[in-house]
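Quick notes on the structure that follows.
Quick caveat, the model's predicted, so the values are computed rather than measured.
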Amino acid sequence: MLKQRPYLIETLTAIGLIAAPFVLPLLGFAPNTVNRILVWGLFGLGFDILFGFTGLLSFGQSAFYGTGGFVAAYLLTQAGFPNVLLALVIGMIAAAAAGYLIGLIALRRTGIYFAMITVAIAEVFFFVEFNPLSDWTGGENGLPGVPTPSFNLGFTTLHFDSGWSLYQFLALCYFVGIVIALRIVRSPVGAIFSAIRDNPLRATAVGHNIHAYKLTAFVIAAAYAGFAGGLLGVLQAFMPPDAFTFDTSGQLVMQTAIGGRGTLFGPLVGAAVWLSLQDFLQATLNLGAAWKLVLGIVFVLLVCFLRRGIVGGLVDLYGLLTGKRGAEADTTEAGVSAQDEQRAAEAATAHEPAAVPISSRPHLPGAPSGPILQARGLTKRYGGLLANSDIDFTVNHGELRGIIGPNGAGKSTFFKMLTCEVHPTSGSIVFEGRDITGLSVTDVCQLGLTKSYQVNQLFAGLTVRENLVIAALSGLRGRFRLDLFRSIDGIPGLTERVEHTLELVNLTARPDTPVSELAYGEKRRLEIGLALATSPSLLLLDEPLAGMSPRERVETVRLLKSISQGRTMIIIDHDMDALFELAERVTVLQEGRVLVEGTPDEIKNNSTVQEAYLGGVHGVLAA
Amino acid sequence: MINWPNFVSQLFNGLALGALLALISSGLTIIYGTLGVLNLAHGAMFMIGGYAGYVAYSYTGSFVVAVVAGSLFVMALGVVMERVVIRHFYHRPHEDQLLVTFGLGICFVEIVRLIFTSQSQVVPPPPMLQGITSLGFLFYPTYRLAVVGIVAVALGGLFLVLYRTRLGMIVRAGIEDSVMVDSLGINVYRVFMIVFGIGAMAAGFAGIINAPVVSLTPGVGDDILVETFVVVVIGGVGSFPGAILGGLIAGEIISITSMFNPGYAYVMLFAAMTLVLVIRPHGLLGTQGRE
């Protein structure tokens with residue numbers, strides 16, 4: 001959504017900020033109100049990255065707002081620091097450092113725990129500012145006398161003292177803030193932020209260290225808060241102690257939700273609505289203290305009925321107006337894409353050799369041979385239940401192995417242990433000569449072992465392409481990297497890998513479709529695509545055919561065949577016909593043990609397997 | 001400065017505060033455990049309990065009537081809130097639930113402020129419990145002692161409901177696995193409504209019981225809410241025994257630290273919470289898996 005023409009949003013923002021002093025007074029905005037809106041908007045930029053983009057709702061941003069504000073104000077009023085901008089930057093760094101430490105604690109938990117912990121932390125900061133540190137912060141009096149910025153350019157000195165003059169300085173700060181925020185959001189890190197918001201489990205499984213990324217988002221939010229806090233002192237010529245109160249955090253949350261989360265401009269719009277409504281209700285309607293009640297009701301109604309706030313609502317409305325055409329195009333596109341799909345599928349079978357993957361090892365002499373994965377004595381116990389017991393299992397390079405077994409045989413548990421999603425009670429797993437027992441699922445994926453899930457685990461709010469980008473990024477960037485200002489398009493090899501994966505899973509016709517609009521079969525293929533895009537050397541597929549119609553099954557089997565060219569794969573499925581057609585060797589699990597292992601023909605004719613499935617009735621399994 | 005009577009008196013203060021926190025936190029935690037909704041308006045429920053009791057008291061002059069009226073009013077408010085708003089948020093993300101309950105909490109506080117102004121109101125303790133009691137080595141306000149007893153009885157009642165009734169069994173089963181309870185043919189929505197009512201009532205009851213100890217202002221629930229969060233994090237989300245243990249720990253930490261320097265009470269409380277998070281991320285009596 002934020003990806004359009006390059007620098008379009010930046011340009012529009014610049015125009016808006018330049019036009020504001022000429023337009024807004026006509027609408028009755030006082031310069032001081034506009035300046036306050038800008039400070040809230042800047043504060044909210046970081047918060048929106050944390051909440052709107054990463055999905056972490058913090059009720060404790062006042063802690064960093066206050067920290068940045070008081071550090072800057074202290075430097076300027078008590079320590080005799082001459083340079084306003086430098087003091088603001090130091091305040092920002094202090095806030096970011098505080099954010100890092102607090103993040104280490106608060107991010108130990110997610111969801112409501114995270115929200116509760118941030119509330120508690122903010123309250124502690126408030127009390128610390130009021131009591132133990134009151135000698136430095138002025139306690140309940142705050143710090144008066146914060147100077148406004150002035151810059152000596154040699155030939156002249158620029159003073160930004162109040163009103164529209166100070167506005168220029170604040171607008172410049174906001175502009176720099178939005179440019180940086182846009183870069184972050186469009187960077188690989190930004191893509192991973194939204195992956196964490198949509199499905200943290202899968203973000204971890206495709207090889208991203210999400211804890212480090214969450215901490216990054218938290219520190220970014222703290223830095224923005226710290227800088228905005230410093231600006232508050234500059235704006236008011238006084239650093240008020242109530243910057244630290246829970247009300248500050250609450251107001252930020254409400255403004256962001258009113259304006260629209262995940263839009264970056266939401267907090268600015270929210271602040272504009274908030275502050276102008278407050279002025280209007282108090283001054284014009286003489287409602288006195290009731291203004292907050294009105295805003296509270298507005299807020300509750302927006303949360304109930306307009307989830308993405310005002311900006312989100314406008315974007316939807318714009319989509320509705322321009323998208324009458326777009327929606328029609330969509331439906332015809334869907335019709336076309338069904339045909340396309342079939343054609344593509346036919347093409348895939350016709351040109352099978354063309355689909356030889358770039359990144360995996362082909363069956364060539366000289367390519368590594370011998371075991372790629374060896375499990376020894378793998379056992380998993382859940383309390384009294386023995387899910388897997390003493391499984392020995394070896395898969396060679398280039399092999400395509402099938403695993404079958406009745407329900408409850410422990411197949412999925414076995415896969416979860418191989419990918420280190422759960423750790424075995426005893427036994428060891430060696431992957432490419434390296435003992436991976438006890439590693440994290442993220443590390444194992446980085447080593448080149450990943451799986452597709454039995455139940456789809458997609459990034460539901462993103463498009464097909466964005467999904468694959470997130471998976472591909474982990475292979476190209478490693479588990480964590482701070483390339484905050486790099487454009488996603490600038491990563492070498494990413495586009496190729498995504499396009500190639502789209503081809504492999506036959507989704508080339510629908511790259512920009514949101515996941516929520518995909519048909520079940522398409523979602524299923526994207527699920528496999530997510531695993532493929534990490535470019536694993538060993539790919540595990542947990543029931544790739546589950547829930548598919550017979551026709552879809554035939555297509556998917558064809559797809560799996562082409563994917564398997566030059567790849568090592570293990571497939572679990574209940575569809576024995578399909579599996580016997582695909583796999584070179586098949587392992588049969590029963591009651592958590594390996595029952596038998598052999599070629600498809602051996603398995604078909606094995607009497608113990610027939611017994612396991614048919615309960616002792618002797619007959620030939622459906623051929 | 002630190003003498004024994006002073007210290008013991010602070011221990012009692014901590015016990016009274018801790019018992020109250022335990023009761024409020026139990027309400028919050030059973031709502032969260034059963035419904036999966038963290039009610040940020042819980043502090044406002046506590047405050048409304050106090051005001052509803054205050055109104056009842058000013059009409060009847062009876063403290064008992066005030067307690068009953070305050071509790072029932074908040075329970076009714078909880079039921080209405082669940083039916084009208086919360087019900088539509090069960091299938092929405094946690095963040096939306098937090099936002100809407102936060103907004104409702106603000107509305108409640110502002111409505112009360114509109115009606116009663118920000119000026120503090122006073123509810124005196126019942127005549128029987130006024131004055132001070134001699135404990136042999138120190139004199140202690142009778143009503144505060146009584147608070148410990150009253151809250152203990154309320155917690156006992158809550159325990160009986162949770163552990164000795166059919167409803168309680170459903171609630172506890174719902175905390176473990178609400179989907180399963182639903183598929184067993186129990187109307188979980190009705191149970192949710194009742195649980196929300198009971199949870200809110202716990203806060204309202206605590207609000208009116210606490211009213212004679214503090215002066216009643218519209219903001220009285222805000223600090224309590226933060227303390228309740230710490231209690232729940234320490235005790236473990238969804239755990240009734242955890243809420244009681246966490247409440248008592250938090251109450252004592254606040255009181256004993258206040259004896260030395262009230263400014264550090266929250267710092268110590270926060271330190272304790274951090275310690276628990278580092279050593280047992282799921283809380284002292286919480287179980288893994290619920291998030």
Side-chain angles (χ1 to χ4, degrees), chain A residues 51-52 55-57 59 102 104-106 108-134 139 197 245-247 250-251 253-254 256-258 261 287-305 307, chain B residues 28 32 36-38 40 84-85 88-89 92-114 117-118 218-219 222-223 225-233 237 261-271 273-274 277-278 281-283 286 290-291:
Chain A
F51 171 44
L56 294 168
L57 176 51
F59 278 94
I102 297 305
L104 285 178
I105 300 163
R108 291 181 74 85
R109 304 303 306 274
T110 55
I112 58 130
Y113 255 109
F114 174 77
M116 291 196 288
I117 294 166
T118 51
V119 171
I121 288 167
E123 204 71 352
V124 170
F125 270 64
F126 175 67
F127 277 89
V128 169
E129 185 270 331
F130 246 64
N131 294 290
L133 294 183
S134 56
R197 177 194 61 204
T245 55
F246 180 64
D247 280 351
Q251 190 174 337
V253 170
M254 291 168 78
T256 306
I258 290 174
R261 63 184 103 158
L287 277 180
W291 68 272
K292 213 176 167 193
L293 177 60
V294 176
L295 276 168
I297 293 169
V298 167
F299 169 72
V300 170
L301 290 176
L302 275 176
V303 173
C304 286
F305 301 110
R307 266 204 71 199
Chain B
L28 189 77
Y32 177 72
V37 173
L38 180 71
L40 289 185
V84 177
V85 181
H88 306 289
F89 279 79
R92 286 179 58 172
H94 274 315
E95 293 78 49
D96 288 9
Q97 299 168 353
L98 291 174
L99 290 177
V100 79
T101 54
F102 177 68
L104 286 173
I106 287 186
C107 292
F108 290 155
V109 171
E110 295 308 319
I111 289 170
V112 168
R113 201 190 302 280
L114 212 57
T117 73
S118 293
D222 297 353
D223 287 347
L225 186 68
V226 177
E227 287 161 21
T228 308
F229 286 170
V230 177
V231 167
V232 171
V233 172
V237 169
N261 183 342
Y264 283 90
Y266 267 43
V267 180
M268 292 304 290
L269 196 60
F270 172 69
M273 181 183 83
T274 309
L277 277 171
V278 171
H282 297 278
R290 270 209 85 93
E291 190 83 359

Contacting moiety of [X], where chain A heavy atoms sit under 4.5 Å:
{"X": "B:Leu225", "result": "neither"}
{"X": "B:Phe89", "result": "side chain"}
{"X": "B:Val230", "result": "side chain"}
{"X": "B:Leu114", "result": "side chain"}
{"X": "B:Ile106", "result": "side chain"}

Is the side chain of B:Arg92 donor-acceptor paired with the backbone N or O of A:Cys304 at a distance under 3.5 Å, no angle test?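 Pair found, side chain donor or acceptor close to backbone of A:Cys304.
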Donor-acceptor contact below 3.5 Å, side chain A:Arg108 vs main chain B:Pro281: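 No, A:Arg108 side chain to B:Pro281 backbone: no donor-acceptor pair under 3.5 Å.
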Using 0.5 Å steps for rounding, measure from the [atom1] atom of [X] to the [atom2] atom of [Y].
{"X": "B:Met273", "Y": "A:Ile121", "atom1": "CE", "atom2": "CD1", "answer": "5.5 Å"}
{"X": "B:Leu28", "Y": "A:Ile112", "atom1": "CG", "atom2": "CD1", "answer": "8.0 Å"}
{"X": "B:Leu104", "Y": "A:Phe299", "atom1": "CG", "atom2": "CZ", "answer": "9.0 Å"}
{"X": "A:Arg307", "Y": "B:Asp96", "atom1": "CZ", "atom2": "CG", "answer": "4.0 Å"}
{"X": "B:His282", "Y": "A:Tyr113", "atom1": "NE2", "atom2": "OH", "answer": "7.5 Å"}

Validation row: [X], [Y] side chains within 4.5 angstrom (heavy atoms):
{"X": "A:Val294", "Y": "B:Glu110", "result": "no"}
{"X": "A:Arg261", "Y": "B:Leu99", "result": "yes"}
{"X": "A:Val303", "Y": "B:Phe102", "result": "no"}
{"X": "A:Met116", "Y": "B:Val237", "result": "yes"}
{"X": "A:Val128", "Y": "B:Tyr266", "result": "no"}

Is it the backbone or the side chain of [X] that comes under 4.5 Å from a heavy atom of chain B, or both, or neither?
{"X": "A:Leu56", "answer": "neither"}
{"X": "A:Phe125", "answer": "neither"}
{"X": "A:Phe246", "answer": "side chain"}
{"X": "A:Ala257", "answer": "side chain"}
{"X": "A:Ala120", "answer": "both"}
{"X": "A:Phe51", "answer": "side chain"}

A:Gly296 and B:Cys107: which non-hydrogen atoms are nearest, and at how many Å?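 Smallest interatomic distance, heavy atoms only, reads C-SG, 3.4 Å.
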Do A:Phe127 and B:Phe270 have ring centres separated by under 6.0 Å?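 No, the ring of A:Phe127 stays outside the 6.0 Å limit from the ring of B:Phe270, centre to centre.
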When heavy-atom pairs shorter than 4.5 Å are enumerated against chain B, which of A:Ile297, A:Val298, A:Ile117 gives the highest number?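 Highest number of pairs under 4.5 Å: A:Ile117.
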Picking from B:Thr101, B:Asn261, B:Ile111, which has the most non-hydrogen pairs under 4.5 angstrom with chain A?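 That would be B:Ile111.
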